[in-house]
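The structure appears right after this line, and notes come after that.
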2 protein chains.
Amino acid sequence: MTYSIAQAAERSGLSIDTLRYYERIGLVDPPARDSGGRRLYSDNDLAWLGFLTKLRTTGMPIRLMREYAQLRHKGSATAGRRKQILFEHRADVRQRIAELHACLEVLDCKITNYAEIEAKMAGQQLIQEASA
Amino acid sequence: MTYSIAQAAERSGLSIDTLRYYERIGLVDPPARDSGGRRLYSDNDLAWLGFLTKLRTTGMPIRLMREYAQLRHKGSATAGRRKQILFEHRADVRQRIAELHACLEVLDCKITNYAEIEAKMAGQQLIQEASA
DNA sequence: GTAGGAGCTGGAGTGCACTCCAGGTCAAGC
DNA sequence: GCTTGACCTGGAGTGCACTCCAGCTCCTAC
């Protein structure tokens, strides 16, 4: 199964421009081409794009994704380094999740605060209306 | 208690340049100044900076933080909108945490994979050594 | 055969959030 | 009184990750 760049964009959630950009900077291999010179993405290509978007979503910088992509080409001898990259990145992600949770608590606290203010104001309005 | 810009930077975790930048774009109120024209941050200022960094850590864009900051100046009439901003932002943050968790699973899976490959290679090495 | 639409390339432009710089002021210590 | 170091200002520069553009080719459908 092959996909045009438009289909690949839709399935990967990336834009057409981004797909060409990723290719240009060496994040993805140049896909096959049809007789007219148009890109034909394979299921394999899409799987790799899917993995890349996971890395991006989790905030991995592109230069590191590129290092990973290049290691992939050098075969199994680089598996150690690739594993290390993912391992360290996972630790980063976990830490970021923890940070976000901490920030969530602050947000909860603030929101609760606003809700209390609202309740108080609503109460005062009731009192005003009753005494009017 | 007051703080020089260097102290404020250290306590907030922001750089001196960033503090001045935030002031310039209206994210923080211009702090007091000493007789020599130098900034003197108050505990209140630091508390606000602390809250801002929570918002930034959670990915709120600066233009939205600025809207929030400006609403704060307009008094309690804007509390509803401010609450709304935080409320929506909290939903964003929760969603992002969920996304990160999903990505973590993919990472776990990949890392496990690499570990298995390593184990297999180690096994082969043992066999080779034994037969040597 | 021609109009339209998808895709192509190389290169320029964008938005965001800082970050750096030159040239100056000010207060303290020697 | 002079050096030093922290701080000041307005403005320019940076890095990242795209995003857009002009001008072209190719295929399809009428």
Side-chain angles (χ1 to χ4, degrees), chain A residues 2-42 45-46 48-49 51-70 89 92 96 99 103, chain B residues 2-42 45-46 48-49 51-70 89 92 96 99 103:
Chain A
T2 62
Y3 309 87
S4 72
I5 195 167
Q7 289 168 328
E10 191 181 343
R11 289 181 186 239
S12 66
L14 299 166
S15 74
I16 288 175
D17 272 315
T18 300
L19 287 179
R20 286 195 283 242
Y21 166 66
Y22 278 7
E23 183 182 334
R24 203 151 59 196
I25 65 174
L27 255 190
V28 304
D29 299 336
R33 300 281 180 138
D34 69 9
S35 61
R38 292 174 197 175
R39 289 170 179 79
L40 286 181
Y41 291 86
S42 67
D45 292 333
L46 287 196
W48 173 241
L49 284 172
F51 181 57
L52 284 183
T53 60
K54 296 288 181 214
L55 295 181
R56 276 302 298 133
T57 300
T58 49
M60 181 182 284
I62 277 189
R63 65 166 194 294
L64 196 53
M65 302 198 326
R66 200 157 64 184
E67 181 182 349
Y68 187 90
Q70 283 160 5
H89 182 58
D92 285 353
R96 201 132 31 77
E99 261 176 20
C103 293
Chain B
T2 61
Y3 310 87
S4 71
I5 194 165
Q7 290 169 326
E10 190 180 344
R11 289 181 186 240
S12 65
L14 298 166
S15 74
I16 288 175
D17 272 313
T18 299
L19 287 178
R20 287 196 282 243
Y21 165 67
Y22 278 7
E23 182 182 337
R24 202 151 59 195
I25 64 173
L27 254 190
V28 306
D29 299 337
R33 300 280 180 139
D34 70 9
S35 61
R38 292 174 198 177
R39 290 170 180 79
L40 286 179
Y41 290 86
S42 68
D45 291 333
L46 287 196
W48 173 240
L49 283 172
F51 182 56
L52 284 183
T53 59
K54 295 289 181 213
L55 296 181
R56 277 301 298 134
T57 300
T58 49
M60 181 181 284
I62 278 189
R63 66 165 196 294
L64 197 53
M65 302 198 325
R66 199 156 65 184
E67 181 183 347
Y68 187 91
Q70 282 160 4
H89 183 59
D92 284 355
R96 201 130 34 76
E99 263 176 19
C103 293

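Below, read A as the first sequence line, B as the second, and so on, with proteins coming before strands; counting in each chain starts at 1.
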Nucleic acid contacts - residues 20-36 of chain A versus DNA chain C, non-hydrogen atoms under 4.0 Å
Arg20(A), Arg24(A), Arg33(A)
Residues from residues 52-59 of chain B lying under 4.0 Å of DNA chain C - heavy atoms:
Arg56(B)
Contact nearer the 5' end of DNA chain C, comparing Gly37(B) with Ile62(B)
Ile62(B)
If you assign each of Arg63(B) and Ile5(A) to its closest nucleotide in DNA chain C, which residue comes earlier from the 5' end?
Ile5(A)
Given the options Leu52(A), Leu49(A), Thr18(A), Ser12(A) meets side-chain contact (heavy atoms from CB on, under 4.5 Å) only with Leu49(A)
By side-chain hydrogen bond (donor to acceptor under 3.5 Å, both in side chains), which residues pair with [X], not counting sequence neighbours?
| X | value |
| --- | --- |
| Tyr3(A) | Asp43(A) |
| Asp92(B) | none |
| Glu10(A) | none |

Rounded to 10 degrees, the angle between the two terminal axes of the helix from dG1(C)-dC30(D) to dC30(C)-dG1(D), each from five pairs
10°
Partner residues of [X] under the salt bridge (charged side-chain N to carboxylate O under 4.0 Å, His left out) criterion, sequence neighbours left out:
| X | answer |
| --- | --- |
| Asp17(A) | Arg20(A) |
| Arg24(B) | none |
| Arg56(A) | none |

Rounded to the nearest 0.5 Å, what separates atom [atom1] in [X] from atom [atom2] in [Y]?
| X | Y | atom1 | atom2 | answer |
| --- | --- | --- | --- | --- |
| Met65(B) | Ile25(B) | CE | CD1 | 7.0 Å |
| Arg33(B) | Arg39(B) | CZ | CZ | 4.0 Å |
| Tyr68(A) | Phe51(A) | OH | CZ | 4.5 Å |

Testing the basics here: between Ile16(A) and Ala6(A), what is the closest heavy-atom pair and its distance to 0.1 Å?
CD1-CA, 4.0 Å
What are the two closest non-hydrogen atoms of Ile62(A) and Tyr22(A), and how far apart are they?
CD1-CE1, 3.9 Å
Sort and list the pairs that fulfil salt bridge (Lys or Arg N to Asp or Glu O under 4.0 Å) and have at least one residue in residues 58-68 of chain B, not counting sequence neighbours.
Glu67(B)-Arg81(B)
State, yes or no, whether a side-chain contact exists between Leu64(A) and Leu55(A) at a heavy-atom distance under 4.5 Å.
no
Would you call Tyr21(A) and Leu27(A) a side-chain contact if the rule is heavy atoms closer than 4.5 Å?
no
Report the residue (Arg39(B) or Met60(A)) whose heavy-atom-nearest nucleotide on DNA chain D is the more 5′ of the two.
Arg39(B)
Walk along DNA chain C from 5' to 3' and tell me the first and last nucleotide with an atom closer than 4.0 Å to a non-hydrogen atom of chain A.
dG5(C) to dG11(C)
Output the residues of residues 9-17 of chain B in contact with DNA chain D, where contact means a heavy atom of the residue under 4.0 Å from an atom of the strand; sort by number or write none.
none
